[in-house]
Amino acid sequence: METVKPFTVWITGLPASGKTSVGKELKKIFIIEGFSVVLLDGDEVRKGLCVDLGFSLEDRMENIRRVSNVASILNTQGYIAICCLVSPTKEMRGNARKIIGSENFFEVHTNASVEVCRKRDFKGYYQRALKGEISEFTGVTSLYEAPVNPNVSVNTDVVGVNEAATIIFQKCKEWLQDR
Ligand SMILES: Nc1ncnc2c1ncn2[C@@H]1O[C@H](COP(=O)(O)OS(=O)(=O)O)[C@@H](OP(=O)(O)O)[C@H]1O
Ligand SMILES: Nc1ncnc2c1ncn2[C@@H]1O[C@H](COP(=O)(O)OP(=O)(O)O)[C@@H](O)[C@H]1O
């Protein structure tokens, strides 16, 4: 696997579905396997690169466009990119795929139910969105279109973080062999 052409693992899912936790664990596995990896997280890029953007569908599209372009540059320079973004619509993820290149785009869905995500709510966002204090919140007042045919879907309601990362890594290895 060490000689493979770098690619992007795109992790989509509801807030609190486990994108960041699973992405970080997956990064550790790739590093152990000898890869150079960079993780791009929605929460992080929104502190700098995308600080001017909100959560309208238009702004989310722009957020994803920017992150996809960074991922593409990283891939070109030898790094695997792991992108953890809600990326709620098919169109947004389609645009990411187009920018990164379909052959370099490995799509993962952290497929937790909205009920479990609402219960986790470790940042208190769902509660605030339900009270009407935050608008356009994914899973409450803004849509999430689940991917129809992702490379991997892990149900993080029942699959733990380490196990999810291991499943994704194995699927990724199989995908790379067929690529
Ligand atoms: N209105 C609204 N909707 C969704 N998410 C919100 C919102 N406001 C703040 N947050 C926090 O921002 C994180 C999602 O940012 P992303 O860049 O991944 O979103 S997107 O891909 O542009 O849709 C998301 O973080 P994650 O929990 O990591 O998904 C939230 O903590
Ligand atoms: N099976 C699981 N997979 C991922 N996260 C889980 C799981 N079970 C519990 N969690 C917890 O849920 C929260 C998910 O947060 P995070 O990884 O930031 O998700 P997201 O990036 O999708 O918002 C973390 O506190 C994590 O410890």
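Numbering starts at 1 and runs along the sequence shown. Counting starts at 1 for both ligands and their atoms, in listed order.
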Atom-level proximity to ligand 2, residues with heavy atom under 4.0 Å: L14, P15, A16, S17, G18, K19, T20, S21, R120, F122, T156, V159, G160, V161
If you count the atoms of ligand 1 from 1 in the order shown, which ones are under 4.0 Å from a heavy atom of [X]?
| X | value |
| --- | --- |
| R60 | 1 (N), 2 (C), 3 (N), 4 (C), 22 (O), 23 (O) |
| T138 | 3 (N), 4 (C) |
| P15 | 27 (O), 29 (O) |
| A16 | 27 (O) |
| S135 | 1 (N) |
| S87 | 20 (S), 21 (O), 23 (O) |
| E136 | 1 (N), 2 (C), 3 (N) |
| K19 | 26 (P), 29 (O) |

Contact region, L53 to ligand 1, non-hydrogen atoms below 4.0 Å, reads neither
May I ask you to identify, for L85, whether its side chain, its backbone, both or neither come under 4.0 Å of ligand 1 on a heavy-atom basis? both
side-chain contact (heavy atoms from CB on, under 4.5 Å) partners of R128, counting only residues at least two apart: Y125, E133, I134
Taking side-chain contact (heavy atoms from CB on, under 4.5 Å) as the definition, give me every residue that meets it alongside E44, ordered by chain and number, with sequence neighbours left out. D41, K47
Look at ligand 1 and say whether A129 reaches it with a heavy atom at a distance under 4.0 Å. no
So, does S142 sit close enough to ligand 1 that a heavy atom of it is under 4.0 Å from the ligand? no
Taking atom types as modelled, find out whether [X] and [Y] have a side-chain donor-acceptor pair closer than 3.5 angstrom.
| X | Y | value |
| --- | --- | --- |
| N95 | S68 | no |
| K5 | N104 | yes |
| R60 | T138 | yes |

Set of ring pair (Phe, Tyr, Trp, His ring centres under 6.0 Å) partners for Y144, sequence neighbours left out: H109
Considering [options] one by one, which has a heavy atom nearer to [atom] than any of the others?
| atom | options | answer |
| --- | --- | --- |
| atom 30 (C) of ligand 1 | Y125, F122, F55, Y126 | Y125 |
| atom 19 (O) of ligand 1 | L14, V140, V86, D121 | V86 |
| atom 15 (O) of ligand 1 | R46, E44, M92 | R46 |

Start with the C-alpha distance between L26 and V108, add both sets of side-chain angles, then the distance that settles side-chain contact (heavy atoms from CB on, under 4.5 Å), and finish with yes or no. CA-CA 12 Å; L26 181 65; V108 176; 5.8 Å; no
Who's the nearest protein heavy-atom neighbour of [atom], and how far?
| atom | value |
| --- | --- |
| atom 2 (C) of ligand 1 | F137 CD1, 3.3 Å |
| atom 26 (P) of ligand 1 | K123 NZ, 3.5 Å |
| atom 24 (C) of ligand 1 | D43 OD1, 3.9 Å |

Ring centroid separation for F30 and F169, is it under 6.0 angstrom? yes
Under 6.0 Å between ring centres, would you say that holds for F137 and Y126? yes
Between E103 and R179, does at least one N-O distance fall below 4.0 Å, as a salt bridge requires? no
Side-chain ion pair, E115 and K119, N-O less than 4.0 Å: no
Donor-acceptor pair, distance only, cut-off 3.5 Å: does the side chain of E145 make one with the backbone of K90? yes
Does D157 reach the main-chain N or O of V116 with its side chain, forming a donor-acceptor pair under 3.5 Å? no
Any side-chain heavy-atom pair from V86 and L14 closer than 4.5 angstrom? no
Does the side chain of I168 reach to within under 4.5 Å of the side chain of F106, using non-hydrogen atoms? yes
So is there a nitrogen or oxygen of D41 less than 3.5 Å from a nitrogen or oxygen in ligand 1? no
